[in-house]
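This report concerns only the one structure given below.
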Amino acid sequence: MQKLHRGSRIIGSGHYCPEKILSNFDLEKIVETSDEWIRTRTGIRERRIANEQEASSDLALLAAEAALKDAGIKADDIDGVIVGTVTPDMQFPATACLVQDRLGAKNAAAFDLGAACSGFIYGLNTAHGLIVSGQMNTVLVVGVEVLSKFLDWQDRATCVLFGDGAGAAVLGPCDPDDGILGTYMRSDGSLADLLWIPAGGSRAPISEFTYQQREHYIKMKGDGVFKYAVRAMVDATSIVLKQADLDLEQVDHLIPHQANIRIIDAVIGRLGIPEEKVVVNIDRFGNTSSATIPIAFDEVRKSGKIKSGDIVLFVAFGGGFTWGSVLFRHTEPAGRSG
Ligand code: ACO
């Protein structure tokens with residue numbers, strides 16, 4: 001790779017999940033399912049659900065405020081706000097603009113990024129590019145979803161999988177040999193219809209017909225997603241390590257997208273990484289799509305498990321299909337231990 005003049009690193013993180021907990025036992029009262037089926041097939045015990053008034057920007061704002069506080073910067077220090085989401089508040093304007101306004105980030109450009117569960121990884125990679133190229137100094141990246149409002153609560157194959165939440169990270173410049181050491185992104189749009197919301201866009205605007213067919217809700221072919229996700233996440237892990245000339249043994253923490261415990265287990269098995277290095281919180285939050293990685297990172301970091309100098313690898317896979325990874329050497333913000 002070309003030698004860069006500067007690098008970028010995460011200087012703060014935050015997350016917010018709605019208070020309301022929906023357990024598998026609660027789901028047993030909504031669809032024909034069981035706690036046992038959900039736990040053994042997905043690893044999920046409970047998930048958070050937004051209330052009627054809460055939209056993606058509300059969750060994103062709280063995660064972003066926590067990340068800014070953690071980074072010790074003011075909103076008007078931010079040059080860019082990138083929000084990875086497929087559940088925006090509305091078709092337009094971008095949820096990122098709503099977050100930018102409510103934060104008071106009056107010097108920032110703002111845009112949404114639609115890469116489904118890979119949205120946060122795509123966002124981090126984009127922010128890294130903007131910083132190393134010198135176009136921006138400080139970029140806020142948020143992964144947020146309120147998927148509960150796009151789920152078909154009559155479809156037991158999908159409604160048990162997902163939850164609502166937001167995670168955020170602030171990126172700033174650093175020495176080119178520090179911070180982010182490797183980035184990778186790929187896509188395959190030929191598989192779009194394995195995981196999608198068919199109606200509500202310009203292809204099939206919502207009509208009485210699409211409404212009756214329930215096409216404004218998430219549709220998924222679970223087995224196809226499963227196979228592809230495992231292969232893509234294993235590849236994305238190996239490629240980003242090779243880019244940085246590191247071995248898997250040098251990785252201290254692997255934070256995979258929390259889609260399903262069986263996908264995570266299959267990735268662990270194929271890579272041969274010790275389980276204790278892999279961060280898993282799907283049991284408590286379900287699949288929050290673009291938010292899973294920043295929520296897990298913020299949780300585990302603030303628990304003190306990630307120390308300065310640790311090598312961290314994020315890897316995600318999502319609808320599109322999209323997938324990607326980010327590898328970095330972590331530095332704790334000044335004033336924190338580690
Ligand atoms: N409760 C009880 N039974 C269920 C449920 C449920 N919630 N959902 C499906 N079933 C039934 C099916 O109807 C089927 O019944 P049948 O045999 O009578 O037809 C049976 O369980 C088996 O269905 P499968 O779809 O074959 O179940 P499988 O064991 O493959 O598990 C799952 C389904 C968990 C979705 C699996 O395919 C999977 O893990 N896929 C990966 C996809 C995924 O995790 N997506 C998350 C979003 S994508 C992302 O984040 C990248």
Side-chain angles (χ1 to χ4, degrees), residues 22-47 84-87 114-122 143-148 150-165 167 185-189 191-198 217-237 255-270 280-283 285-296 314-325:
L22 186 73
S23 72
N24 293 347
F25 297 104
D26 296 327
L27 275 165
E28 287 178 357
K29 296 177 196 129
I30 300 173
V31 283
E32 186 66 39
T33 191
S34 67
D35 170 60
E36 199 267 338
W37 193 98
I38 303 170
R39 262 189 303 105
T40 53
R41 299 300 212 289
T42 72
I44 301 166
R45 290 174 187 275
E46 60 188 38
R47 68 288 288 144
T85 189
V86 287
T87 57
C117 304
S118 310
F120 182 74
I121 297 301
Y122 269 53
V144 60
E145 306 291 358
V146 177
L147 284 159
S148 62
F150 298 84
L151 289 173
D152 184 346
W153 291 98
Q154 296 178 13
D155 176 13
R156 65 180 182 173
T158 51
C159 75
V160 304
L161 301 175
F162 298 96
D164 301 334
M185 291 186 282
R186 280 292 182 277
S187 64
D188 184 351
L191 301 164
D193 64 353
L194 294 192
L195 182 56
W196 64 333
I197 297 179
Y217 293 127
I218 290 178
K219 309 277 176 208
M220 184 182 73
K221 298 193 181 92
D223 51 345
V225 175
F226 193 109
K227 282 180 218 141
Y228 210 104
V230 174
R231 203 168 55 229
M233 291 214 281
V234 169
D235 284 353
T237 301
I255 307 188
H257 168 47
Q258 311 280 306
N260 180 315
I261 195 67
R262 293 189 307 167
I263 292 180
I264 296 173
D265 284 344
V267 170
I268 293 175
R270 294 229 190 141
V280 175
N281 66 5
I282 192 169
D283 52 324
F285 297 116
N287 180 348
T288 56
S289 186
S290 65
T292 70
I293 290 176
I295 292 173
F314 294 161
V315 61
F317 176 83
F321 286 161
T322 56
W323 61 99
S325 49

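Counting starts at 1 for both ligands and their atoms, in listed order. Reckoned from all heavy atoms, side chains included, excluding hydrogens, waters and symmetry mates. The first residue of the sequence shown is numbered 1, and numbering continues consecutively from there. As the structure is a computational prediction, the values presented were derived from the model and not from experiment.
For M185, the side chain to side chain contact (heavy atoms under 4.5 Å, CB included) criterion is met by Y122, N125, not counting sequence neighbours.
Tested against T292 for a side-chain hydrogen bond (donor to acceptor under 3.5 Å, both in side chains), the candidates E145, H257, Q258 yield a single pass: H257. Here the rule is side-chain contact (heavy atoms from CB on, under 4.5 Å) with I218, and of L147, L161, D155, D152 only L147 fits it.
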- Message: The test is side chain to side chain contact (heavy atoms under 4.5 Å, CB included); show your working for D188 and W323 and say whether it passes.
- Response: CA-CA 9 Å; D188 184 351; W323 61 99; 4.0 Å; yes
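Judged purely by atom type and a 3.5 angstrom limit, S290 has no side-chain atom pairing as donor or acceptor with the backbone of G143.
Contact annotation: the side chain of T288 approaches that of I295 to within less than 4.5 Å [non-hydrogen atoms, C-beta and beyond].
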Contact table ligand 1 N or O to protein N or O, d under 3.5 Å:
{"residue": "ligand 1", "atom": "1 (N)", "partner": "T33", "partner atom": "OG1", "Å": "2.6"}
{"residue": "ligand 1", "atom": "3 (N)", "partner": "W37", "partner atom": "NE1", "Å": "3.4"}
{"residue": "ligand 1", "atom": "7 (N)", "partner": "T33", "partner atom": "OG1", "Å": "3.1"}
{"residue": "ligand 1", "atom": "7 (N)", "partner": "R156", "partner atom": "O", "Å": "2.9"}
{"residue": "ligand 1", "atom": "13 (O)", "partner": "R156", "partner atom": "NH2", "Å": "2.9"}
{"residue": "ligand 1", "atom": "29 (O)", "partner": "R41", "partner atom": "NE", "Å": "3.0"}
{"residue": "ligand 1", "atom": "31 (O)", "partner": "R262", "partner atom": "NH2", "Å": "3.4"}
{"residue": "ligand 1", "atom": "39 (O)", "partner": "N260", "partner atom": "ND2", "Å": "2.4"}
{"residue": "ligand 1", "atom": "40 (N)", "partner": "G222", "partner atom": "O", "Å": "3.0"}
{"residue": "ligand 1", "atom": "44 (O)", "partner": "N260", "partner atom": "ND2", "Å": "3.3"}
{"residue": "ligand 1", "atom": "50 (O)", "partner": "H257", "partner atom": "NE2", "Å": "2.8"}
{"residue": "ligand 1", "atom": "50 (O)", "partner": "N287", "partner atom": "ND2", "Å": "2.7"}

